[in-house]
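These notes concern the structure reproduced below.
Just so it is clear, the structure is predicted and the values come from calculations on it, not from any experiment.
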Amino acid sequence: KLWRQPDWGESEKLSSVLEPEGSVSDAYVESVYKNEPQISEFRAPLTVKSVSRWFLYRAGEIEALSGRVDIALELLRIGDKSGFVGLDEMIDDLLTLETIVYECQTDQYLGLEGLKKMAVGQRIDTIMQQSLSDSEAFMKAFQTWLLPFLKRRDNCKPGSSFSLLKHFVVEKSTENLELCHALCKSTVRKQIMSESQMTEIALACIYACDRDDQLSVAEKISTLLTVGETSEIGRA
């Protein structure tokens, strides 16, 4: 007994088209479109736009029916390398989904449709939610998962990574400044922000902190900022 209904693309008759001198009858082709009306819009004559839509449709279908994010990504990358446009957003979404489900493993039941309903800030929270216990775990997750995500956001919307990161770190600093301190110490964060931007984030974190036992951490942050600004002035 089959655990799922075979996909129309798995038909032996359609597979035979890929063989040398392979072909199918017009009647069979018509039967495929009749049984699968959702693909009728992709019938010939094809245009670049219609083929781009097919790549998006088919990748979404693959993920929805099988959960194989890797196969959906592979298909879109083939389309992208072949010059078809408008695939970047779904590629980004699938990469984020792959990170959450298979790498962070913070939501193993999340699908593409569920991801699309999440605001960008929610995606960041989901990526990082199991990495906030200590500074080392935070920075490892930042470098491995969050930094690539922010870089992709910048590719879609230049300059957006700074505001997204600032909102996230400030929000997490209301109870603990250690994460902000770890970010200030790192050199990795320089890939997406300047020293002046780090200063802006750090000051916002210090002002946002509600605890009265974080003065020593705030002083450490202040020292790092002073050193960083001095170095930046020296390079100028």
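- At least one side-chain heavy atom of F162 sits less than 4.5 Å from a side-chain heavy atom of I201.
- Nearest heavy-atom pair, M90 versus L112, reported as atom, atom and distance to 0.1 Å: CE-CD2, 4.1 Å.
- Between R77 and E74 there is no salt bridge, since none of the side-chain N atoms of the basic residue sits less than 4.0 Å from a carboxylate O of the acidic one.
- Taking NZ of K185 as the reference point, atom NZ of K220 lies at 7.5 Å (rounded to 0.5 Å).
- Separating the CG atom in L94 from the CG atom in D70 is a distance of 10.0 Å, to the nearest 0.5 Å.
- Residues L150 and I124 are in side-chain contact: their nearest non-hydrogen atoms beyond the backbone lie under 4.5 Å apart.
- Cluster membership check: V169 shares its hydrophobic cluster with L147, using side-chain heavy-atom separations under 4.5 Å among Ile, Leu, Val, Met, Phe, Trp and Tyr.
- Contact annotation: the side chain of L73 approaches that of L95 to within less than 4.5 Å [non-hydrogen atoms, C-beta and beyond].
- Using a 4.0 Å cut-off between charged side-chain N and carboxylate O, R123 and D93 make a salt bridge.
- For the atom pair SG (C180) and CE (M198), the distance works out to 4.5 Å, reported to the nearest 0.5 Å.
- Side chains of D88 and R152 form no contact here, defined as non-hydrogen atoms less than 4.5 Å apart.
- Within a 6.0 Å radius of CD in Q143, other residues, nucleotides and ligands contribute 12 heavy atoms or fewer.
- Within 6.0 Å of CD in E171 there are more than 12 heavy atoms belonging to other residues, nucleotides or ligands.
- Considering all non-hydrogen atoms of both residues, L183 and M193 come closest at CD2-CE, 4.4 Å.
- In this structure, CZ in F142 is found 5.5 Å from CG in L165, a value given to the nearest 0.5 Å.
- Open room surrounds CD on E136; 12 or fewer heavy atoms of other groups in view lie less than 6.0 Å from it.
- Between the side chains of T126 and D107, not a single donor N or O lies within less than 3.5 Å of an accepting N or O.
- Counting all heavy atoms, side chain and backbone alike, A204 lies closest to K166 at CB-CE, 4.1 Å.
- Side chain to side chain, K151 and Q191 meet the donor-acceptor criterion of an N or O pair below 3.5 Å.
- With rounding to the nearest 0.5 angstrom, the OG atom of S163 is 14.0 Å from the CZ atom of F168.
- To the nearest 0.5 Å, atom OG of residue S50 and atom OH of residue Y57 are 14.5 Å apart.
- Salt-bridge formation is not detected for the pair E178/K172: no Lys NZ or Arg NE/NH1/NH2 atom is positioned less than 4.0 Å from an Asp or Glu carboxylate oxygen.
- Look at E63 and R68 and you find no salt bridge, because none of the NZ, NE, NH1 or NH2 atoms lies under 4.0 Å from a carboxylate O.
- Between T174 and R211, every side-chain heavy-atom pair lies at or beyond the 4.5 Å cut-off.
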